[in-house]
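Just so it is clear, the model here is predicted, and its values are computed rather than measured.
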Amino acid sequence: MGAQMEIHHSRIPALDAVRGIAILMVVATHSLSATVAVTGSYNIPAPLFKLFDYGQFGVQLFFVLSGWLMFSLYTGHGDFSQGSYWARRWARIWPLWIVFVVATFVFLSNPNPEGNIWLSLAISIFFLGWLTPNLAAVPTGGLTIQQEMGHYTLFALFRKKSAAFLAGTVIVGFLSAVLARYLQQHVDPGSVFGIAITGWLRLQLFNTWPFFLLGGLGLALFRMWSKQGLTGLFPNKVKTPLLVTSALVLVGFSTYSQDTPGYFVLGYVVFGVLLALALNAIPGVGEMLCSIGRYSYFMYFFHFWVLRWIEDFYRGLDLPGDDQTSVEWNTITLVVIWIVATLISWAVGWVSWRILEKPILNAARKYIH
């Protein structure tokens, strides 16, 4: 997704492999939801159910990768340009975003029937859907991209700040959530202030920004380890380690979807990175994984549509009810849906890259320096 923003640097296979694992995780968790929807049953082996369910943390893996890339590309350079930085971000994200936002309004029902359709469309196109509940997830899965744009905004503001300051933003973010939840109970939800508070809680940057920074921290650790060990990572012997540790503790003890503890999410993200690097070293497997990762941004949007079509097709088959509730049948259905959704999304993503995304990025090179 947003982790693949740069248009003038050659691709790094290991990073494409991480993208590949991340999108496979995301498609897996939504394939699980589609399987439950069409079979009407949760009768799936518990280990397999959990494996697919935890694929939801592929989103956090994308955030970590974005942080790694942004810090590697835009820190330590004196020629940083806000205009060029944002032009690159928009050139990569906006074209597909507009396509899927418009497709949602045209081919699906109006997501915000109580509001003006043109205003709703404009709000969605400019990544402001988080301000209203009806538009927060337009297009499907769109809240994640809105969060990523929030990360890019914060990074542009704070990229020159110290590790202590960045760790402090994590702490302030969690405190802002506590304050917002308190104020939410005491302000008019229809007022501008009330809408802003509710929108901030809906956007949840306080939960996602730490993972973006984790990618930057990982980069710093990697650089220090490769050059001089860990000596010198924290120039301030007390303040920086204390703030970084406090930030990591807050992330670790925070909760995510289904009340999953933060330390589990962190562990799953690390596992995803290690798995990607291991698979990337296997001839044939690495190339396939990198190919999937290369088109992961399109696949992220499109797999929701594919799963919707698969659900409709499956229901039209009118399969025997007894088979639909057996462990074996549900397991086969889950794996088949996941594979089919991945293959179709990848194939169309290959086409999208060649006829839409790549030409736009090539055109952008002429104007972005």
All N/O donor-acceptor pairs, side-chain side in residues 27-37, below 3.5 Å, sequence neighbours left out:
{"unit_1": "T29", "atom_1": "OG1", "unit_2": "F52", "atom_2": "O", "d": "3.3"}
{"unit_1": "T29", "atom_1": "OG1", "unit_2": "D53", "atom_2": "O", "d": "3.2"}
{"unit_1": "H30", "atom_1": "ND1", "unit_2": "V26", "atom_2": "O", "d": "3.2"}
{"unit_1": "H30", "atom_1": "ND1", "unit_2": "H303", "atom_2": "NE2", "d": "2.8"}
{"unit_1": "S31", "atom_1": "OG", "unit_2": "V27", "atom_2": "O", "d": "2.7"}
{"unit_1": "S33", "atom_1": "OG", "unit_2": "T29", "atom_2": "O", "d": "3.4"}
{"unit_1": "T35", "atom_1": "OG1", "unit_2": "S31", "atom_2": "O", "d": "2.8"}

Problem set entry | salt bridge (charged side-chain N to carboxylate O under 4.0 Å, His left out) partners of E287, counting only residues at least two apart |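 Salt bridge (charged side-chain N to carboxylate O under 4.0 Å, His left out) check on E287 returns nothing, list empty.
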List, one per line, each side-chain donor-acceptor pair under 3.5 Å for residues 96-104, sequence neighbours excluded.
{"unit_1": "W97", "atom_1": "NE1", "unit_2": "S124", "atom_2": "O", "d": "3.0"}
{"unit_1": "W97", "atom_1": "NE1", "unit_2": "I125", "atom_2": "O", "d": "3.2"}
{"unit_1": "T104", "atom_1": "OG1", "unit_2": "F100", "atom_2": "O", "d": "2.8"}

Exercise. Is it true that the side chains of Y300 and T144 contain a donor and an acceptor less than 3.5 Å apart?
Worked result: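 There is such a pair between these side chains.
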For [X], all residues meeting side chain to side chain contact (heavy atoms under 4.5 Å, CB included), sequence neighbours excluded:
X: T208; value: F63, Q147, H151, L205
X: A156; value: Q82, Y85, W86
X: N362; value: K358, R365
X: V172; value: none

Holding to side chain to side chain donor-acceptor pair (under 3.5 Å), I want the full list of residues that pass it with [X], two or more places apart in sequence or in another chain.
X: S120; value: N112
X: T342; value: none
X: T333; value: W329
X: S291; value: W346

Problem set entry | side chain to side chain donor-acceptor pair (under 3.5 Å) pairs, two or more places apart, involving residues 166-180 |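 Of all non-adjacent pairs touching residues 166-180, those that pass side chain to side chain donor-acceptor pair (under 3.5 Å) are T169-W209, S176-W200.
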